[in-house]
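Heads up: the structure comes next, in C-alpha cells.
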Protein chains: 2
Amino acid sequence: MTTTNDLPGADLAGDAPLPGNRSRDALRAAQMYYLQDLTMNAIARELRTSRSTVSRLLSMARATGLVQIQVNNPSDRAPALEQQIRRRFGVEAHVVPVADSISDSEVLDRVAIQAARTIGPLMDSNAIIGVAWGSTLSAVSHHLTRKQTHDSTIVQLNGAGNTQTTGITYASEILRRFGQAYGARVEQFPVPAFFDHAATKTAMWEERSVRRILDLQQRMTMAIFGVGSIGSGIPSHVYSGGYLDREDLETLETDEVVGDVATMFFRADGSHRDILLNARSTGPDLDQLRTVSRRICVVSGESKINGLRGALAAGLATDLILDEGSARRLVHA
Amino acid sequence: MTTTNDLPGADLAGDAPLPGNRSRDALRAAQMYYLQDLTMNAIARELRTSRSTVSRLLSMARATGLVQIQVNNPSDRAPALEQQIRRRFGVEAHVVPVADSISDSEVLDRVAIQAARTIGPLMDSNAIIGVAWGSTLSAVSHHLTRKQTHDSTIVQLNGAGNTQTTGITYASEILRRFGQAYGARVEQFPVPAFFDHAATKTAMWEERSVRRILDLQQRMTMAIFGVGSIGSGIPSHVYSGGYLDREDLETLETDEVVGDVATMFFRADGSHRDILLNARSTGPDLDQLRTVSRRICVVSGESKINGLRGALAAGLATDLILDEGSARRLVHA
DNA sequence: AACCTGATTGCACAAACGTGCAGACGGGTC
DNA sequence: GACCCGTCTGCACGTTTGTGCAATCAGGTT
C-alpha cells in the first residue's frame with residue numbers, strides 16, 4: 001500500500017460545531033465501530049473527520065466506559081482451576097492467565113489490569129465501597145475504567161499513617177483514582193495505620209469524626225483489598241515500611257500470624273482472637289468485614305500464598321482475583 | 001515494515017494436547033487480549049502458537065459470545081433523538097447512526113447488525129421468544145451473535161405459507177438461526193400467513209397442534225418483529241409477495257390500514273377493530289401481543305414510517321431499533 | 001493587536017491485525 | 001498401506017490501527 005492515508009479531500013462540507021460534539025461523536029463512532037463493524041476509515045468519512053481522530057475518539061470511548069467489553073466464561077465449563085478453588089475455598093475465583101516466565105512486577109501489572117476490569121461491571125450506583133491500600137491496590141487503581149454512578153462513596157478501610165509520614169499522599173492517591181473512575185465521593189480515614197497505645201484507639205473510636213467513617217464502613221456494599229503475607233520471601237509493605245517496629249514483629253511471630261487484610265492480622269487457621277496488634281490497628285474488625293456482601297480480594301505473586309490461605313480460611317473474601325501461578329500453588333498443596 | 005511476521009523459532013516446546021484445548025485457549029486469549037491489553041503477538045508467545053492462530057482464536061471467541069462488547073449511552077445524556085422518541089412515543093429508542101448518503105440496503109444491513117447486538121444482552125435463559133419473519137428479521141437473523149442459554153424457546157409469531165409456497169424455507173431459516181445462536185428450541189408455526197376463510201382459522205385454532213403454539217405465544221417473554229407499511233413508496237413483502245390478492249388489498253384500503261406487525265393490520269390511530277383481514281390472519285392478536293413484557297420492533301428505511309407510526313400509536317413495541325434517518329422523520333413531523 | 005498556553009487536528013510512519021493459500025495433520029475407508 | 005477429505009497451522013501479504021510530531025485553533029492575558 002502506498003500510504004493513501006486519512007481522508008483525501010474532505011472537510012469541505014463542515015458540520016455544525018454543536019455543543020457536546022465531542023462525546024456525541026465518540027458514541028456514534030463506538031456504535032459504528034463495535035456494533036456495525038465499520039472500519040475507522042469508513043467512520044471517519046461519515047463523521048467528516050480524519051481517521052486518526054476516530055481512533056482517538058474510540059480510545060476515549062473505551063476509557064470513559066462508554067464501551068464495555070466483557071469476557072465471560074460460561075460458568076458451566078469454566079477453567080478447571082477456578083472450579084477447584086470455588087469448591088475447596090468457597091470463593092468465586094478469577095484466574096488471570098499468565099505464562100510463568102514473566103517477572104513478578106509484570107504479573108502484578110496484569111493481575112491489576114484484569115482486576116480493574118472485573119470490578120468495573122460490579123460497580124453500582126448507591127454503593128459504598130471500602131478500599132484498602134498497598135502495592136496491589138495501588139496497581140489496581142491505575143487501571144480502573146471509568147463508569148459513571150450516582151451517590152456512591154469510596155471509603156478508606158484502614159489508616160495509612162506511620163512514624164515517618166502521614167501516609168496520606170500514598171493511600172489517598174489510590175482512593176482518589178477510585179473516586180474519579182466511578183464519580184464517587186471519597187472518604188479518607190485520617191489516622192495512623194497503628195496506634196502506639198490501644199487506649200488511644202478506644203478513645204478515638206468515640207470521636208464523631210471517626211465514627212462517621214466507621215459508620216460508612218458498617219454500611220459497605222463492597223470491599224476491595226489485597227493480602228499481606230508473612231513468612232515466605234518478600235514481606236509486604238506493612239512489614240517493611242516503617243509501620244511496625246521490631247517488637248511488634250516479634251509479637252506477630254508469637255501470635256502465629258501469617259498475614260493481614262487491611263492491617264488486621266490473622267493466623268493460618270483464619271482465627272484472629274487475641275492477636276495483640278489488632279487492638280492497635282485501625283483496620284476493620286474482621287467479623288464485621290465478613291458481613292459485607294461482596295468482598296473482593298486481589299492477589300498477585302506466590303509469596304502471598306501463606307497470607308492468602310489464612311484469609312481464605314477466615315472466609316474474608318467472596319471473590320478472589322489472582323494470577324495463574326498462585327492459583328496453581330493454592331490448589332496443588 | 002519488513003514483515004518480521006509471526007513467531008520465528010517457537011513450536012519446539014510442545015504443550016500437552018489437552019482435550020477441549022481449543023475453547024480453553026480461546027478464553028485465555030480473550031482474557032489476555034481484552035482484559036490485559038496484550039498484543040496478539042505476546043499472546044501467541046505465551047500460548048506457544050502463531051499470531052495468526054491467536055487472531056482466529058479471538059474471532060472465534062467473539063463469534064461464540066465468549067466476549068461481549070456493549071456500547072451504553074449513559075441514559076442521562078443520551079442522544080437527543082432517542083430522548084425525544086422516548087418522550088413522544090413512550091418506547092425505548094435505539095437509533096442506529098448512519099450517514100444519509102448510503103443506500104437503503106446498506107442501511108438495512110447496519111440496522112440489522114446493531115439490532116442483533118442489541119438483542120444479545122437482553123436474551124436470557126428460560127425465555128420464550130416470539131419471532132416474526134420478513135426482510136428485516138431475515139437480515140437481523142444473519143448477524144446474531146452466539147449466546148448460550150438454557151431452556152429457551154424460539155416460537156414463530158405468524159404463519160408464512162402463501163398461495164405459491166409454504167414459506168417454510170424462508171421463515172424457518174430465520175427461526176433456525178435464532179435457535180442456533182441462543183441454543184434454543186425452535187417451534188415453527190406451519191400454517192399459511194392468511195387463511196382463505198375465517199372459519200378455517202377458527203377451526204384450526206381449536207386443533208391441539210396449533211394450540212400448543214398459541215399457548216407458547218401466550219407465554220412469550222419477548223417478541224421481535226419489523227413492521228409492514230402501506231402507502232409510501234415500496235410495499236413490504238406481505239403486500240407484494242403473493243400473500244394477498246387484489247381484493248384483499250382493496251379491503252385494506254377501505255379499512256384505512258397503514259401497516260402491519262406479523263401480518264396483523266392496524267390503522268393510523270393504532271386501532272385494529274373490524275379490520276376484516278385480521279380474522280383470516282395467523283398473526284398474534286394485537287391485544288395479546290401488548291401483554292408481552294418486552295416487544296422489540298426493528299425498522300429500517302423511511303418508507304416504513306407510516307406503518308411505524310401506526311404501530312407506535314397502537315403501543316405494540318417497548319423497544320424500537322431504527323436508523324437515524326427514520327428517527328428524524330419520526331420526530332420532525 | 002500581540003502574545004501565550006493548552007487542546008485538537010491531520011500527517012507520516014511503524015506496529016498490529018485479518019485472511020487466502022498451501023502444506024501438515026488426523027482419522028476414516030478401500 | 002494407500003488414499004481421501006475435512007480441519008488446523010503458519011506464512012506472506014495487504015489492510016487497518018496507534019501514535020509522535022508539527023501545525024492550527026480557541027480563548028484568555030497583557
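Nothing here was measured: the structure is a model prediction, and the numbers come from that model. So that the names make sense, note that chain A is the first sequence line, chain B the second, and so on, each numbered from 1. Computation of the quantities below employed the complete heavy-atom set of this structure, encompassing side-chain atoms and omitting hydrogens, waters and symmetry-equivalent molecules.
Residue B/Arg51 places its side chain closer to D/dC13 than to any other of D/dC13, D/dG18, D/dG20. Side-chain atoms of B/Ser52 lie closest to C/dT19 of the nucleotides C/dT19, C/dC11, C/dG18. Of the candidates D/dG18, D/dC11, C/dT9, D/dG18 carries the atom nearest the A/Met40 side chain, counting heavy atoms from C-beta on. Taking the side chain of B/Ser55 as heavy atoms from C-beta on, and the options D/dC21, C/dG18, C/dC17, the nearest nucleotide is C/dG18.
Residue B/Thr49 places at least one side-chain N or O under 4.0 Å from the OP1 or OP2 atom of D/dG10. OP1 or OP2 of D/dT16 has not a single side-chain nitrogen or oxygen of A/Tyr33 nearer than 4.0 Å.
Between the CG atom of A/Leu58 and the P atom of D/dG18 there is a distance of 7 Å, given to the nearest Å. Separating the CG atom of B/Asp37 from the P atom of C/dA16 is a distance of 13 Å, rounded to the nearest angstrom. Rounded to whole Å, atom C1' of D/dT9 lies 13 Å from atom CG of B/Asp25. One atom, CE of A/Met32, and another, C1' of D/dT17, lie 17 Å apart when rounded to the nearest Å. What separates CE of B/Met60 from P of C/dG18 is a distance of 15 Å, to the nearest Å. Going from atom CZ of A/Arg56 over to atom C1' of D/dG20 covers 10 Å, rounded to whole Å. A straight line from CZ of A/Arg62 to C1' of D/dG18 spans 10 Å, rounded to a whole angstrom. A/Asn41 has its CG atom 20 Å from the P atom of C/dA16, to the nearest Å.
Every pair passing side chain to side chain donor-acceptor pair (under 3.5 Å) that includes a residue from residues 58-67 of chain B is listed here, sequence neighbours excluded: B/Tyr34-B/Arg62. Pairs of residues two or more places apart, or lying in two chains, that qualify as side chain to side chain donor-acceptor pair (under 3.5 Å) and include a residue from residues 113-123 of chain A are A/Gln114-B/Gln36, A/Arg117-B/Asp37.
Contacts of A/Thr53 with the nucleic acid, taken as non-hydrogen atoms under 4.0 Å apart, involve only primed sugar atoms and P, OP1 or OP2.
Taking 4.0 Å as the cut-off between side-chain N and carboxylate O, B/Arg24 and A/Glu82 do not count as a salt-bridged pair. Between B/Glu324 and B/Arg329 no salt bridge is recorded (no basic side-chain N to carboxylate O distance below 4.0 Å).
In the model, A/Ser152 has a side-chain atom that pairs as donor or acceptor with a side-chain atom of A/Thr149 under 3.5 Å.
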